[in-house]
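Below: the structure, in structure tokens.
Letters A, B, ... mirror the listed sequences (proteins, then strands); counts begin at 1. The figures that follow rest on heavy atoms only: side chains count, while hydrogens, waters and symmetry mates do not.
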There are 2 protein chains.
Amino acid sequence: MREPADILREHGLSITAQRIAVLRAVSHRPHSTADALTEEVRTEIGAVSKQAVYNALGILADKGVIRRIQPAGSPALYEDRAGDNHHHLICRTCGKTVDVDCATGETPCLTASNDAGFRIDEAEVIYWGTCPQCLAAAARG
Amino acid sequence: MREPADILREHGLSITAQRIAVLRAVSHRPHSTADALTEEVRTEIGAVSKQAVYNALGILADKGVIRRIQPAGSPALYEDRAGDNHHHLICRTCGKTVDVDCATGETPCLTASNDAGFRIDEAEVIYWGTCPQCLAAAARG
DNA sequence: CCACTTTCTTGACTCGGTCCACTTTTTCGG
DNA sequence: CCGAAAAAGTGGACCGAGTCAAGAAAGTGG
């Protein structure tokens with residue numbers, strides 16, 4: 001990821017320590033919750049309000065700089081890989097989340113079998129399963 | 001859907017007025033929130049506690065009788081079409097939710113391009129877009 | 001450097017959902 | 001049928017994630 005300040009400038013956003021730290025945190029720890037990112041930001045700049053973090057995450061997600069994913073039964077996660085509409089694979093046991101590219105190409109799966117007249121702009125895909133570690137743990141008993 | 005009481009019996013669940021009414025409500029109004037279903041159940045049997053509804057929805061979803069979907073930014077929705085792993089198409093503007101069958105077959109999309117060693121058991125797909133009505137409304141301006 | 005806009009802070013609050021202690025129903029063996 | 005024992009339901013407190021709102025503190029542009 002490029003310099004956080006540049007990214008903010010390019011999107012016409014004011015440049016603040018909080019936003020820069022949030023961007024760094026997302027980039028450094030993708031697939032983290034707002035809470036975890038707040039922690040990370042605090043270790044970097046000392047203090048932030050939870051609101052500032054939500055604010056930054058919200059506007060950055062709006063601008064398409066970062067991406068928000070909201071898996072069922074979990075708080076929202078944020079990642080800096082945005083704009084390529086890749087998908088996610090989540091472990092039901094430990095919650096580990098990994099990126100997956102879609103087999104069908106660049107802007108994948110954007111065609112439903114029957115679109116019912118909708119204009120579709122995004123296909124969100126989450127694969128649920130069990131990660132290798134948890135599989136091994138289960139096998140051991 | 002078959003007789004609610006039979007369904008409950010088949011899954012070894014006690015037969016209660018609340019559960020029957022919940023099943024009927026889900027069947028009658030698919031893609032509803034727990035709250036809306038509680039309303040529906042109340043008109044049918046007079047009163048239920050919110051807990052009883054959550055309880056019934058939870059256990060029925062566990063048994064695979066109904067399916068729970070949790071779109072980003074919305075409370076969970078429930079539907080009685082379960083077990084065929086179909087997908088959903090949701091309007092960003094009005095929230096209308098419709099079912100879509102997957103183009104690729106019976107148990108669709110269960111293969112990620114790179115499974116990272118996970119054992120995948122479900123592929124959850126949500127198409128986001130704008131429904132015909134909202135498109136028309138936007139065009140009128 | 002100053003006015004003005006944007007952002008941050010703090011703290012209350014909402015919403016969806018869960019927990020818990022207790023009462024009511026169901027179920028099932030006699 | 002009847003009467004435990006088990007399963008569900010009730011009501012109310014509670015929780016976590018996220019939002020709202022008002023005032024304080026930057027950032028921005030002339």
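Distance B:L8 CG to D:dA7 C1': 13 Å, rounded to the nearest Å. Rounding to whole angstrom units, CG of residue A:D35 and C1' of D:dC15 are separated by 13 Å. In this structure, CZ of B:R9 is placed 12 Å from C1' of C:dT26, rounded to the nearest angstrom. For the pair A:K63 NZ and C:dT7 C1', the computed distance is 14 Å after rounding to whole Å. When the P atom of C:dG16 is taken as reference, atom CG of B:L37 falls 13 Å away, rounded to whole Å. A:R42 places its CZ atom 11 Å from the C1' atom of C:dT9, with the value rounded to the nearest Å. With rounding to whole Å, B:H11 atom NE2 is found 18 Å from D:dA7 atom C1'. C:dC8 atom P lies 11 Å from atom CD1 of A:I20, rounded to whole Å.
At the phosphate of C:dC8, OP1 or OP2 sits under 4.0 Å from a side-chain N or O atom of A:T16.
A side-chain donor-acceptor contact under 3.5 Å links A:T38 to the backbone of A:A34.
We find the CD1-CD1 distance between B:I15 and B:I20 to be 6.5 Å, quoted to the nearest 0.5 Å. Within the model, atoms CD1 of A:I59 and CD1 of A:I66 stand 10.5 Å from one another, a figure rounded to the nearest 0.5 Å.
Of all nucleotides listed (D:dT10, C:dT26, D:dG18), C:dT26 comes nearest to the side chain of B:S14.
Residues of residues 44-60 of chain A having a heavy atom closer than 4.0 Å to DNA chain C, listed by number: A:V48, A:S49, A:Q51, A:A52.
Salt bridge A:D121/B:R92: present, at least one basic N to carboxylate O contact under 4.0 Å.
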Quick one: do A:R2 and A:E10 satisfy salt bridge (Lys or Arg N to Asp or Glu O under 4.0 Å)? Show the steps, please. CA-CA 11 Å; A:R2 302 194 328 290; A:E10 278 164 29; 2.7 Å; yes
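For the pair B:Q70 and B:L13, both in contact range of DNA chain C, the more 5′-proximal nearest nucleotide belongs to B:Q70.
With a cut-off of 3.5 Å on both Watson-Crick or G-U wobble distances, the partner of D:dG12 is given as C:dC19.
Closest approach of B:S14 and B:L8 over heavy atoms only: O-CD1, 4.1 Å.
For the residue pair A:H86 / A:E79, a side-chain donor-acceptor distance below 3.5 Å is found, with atom types taken as modelled.
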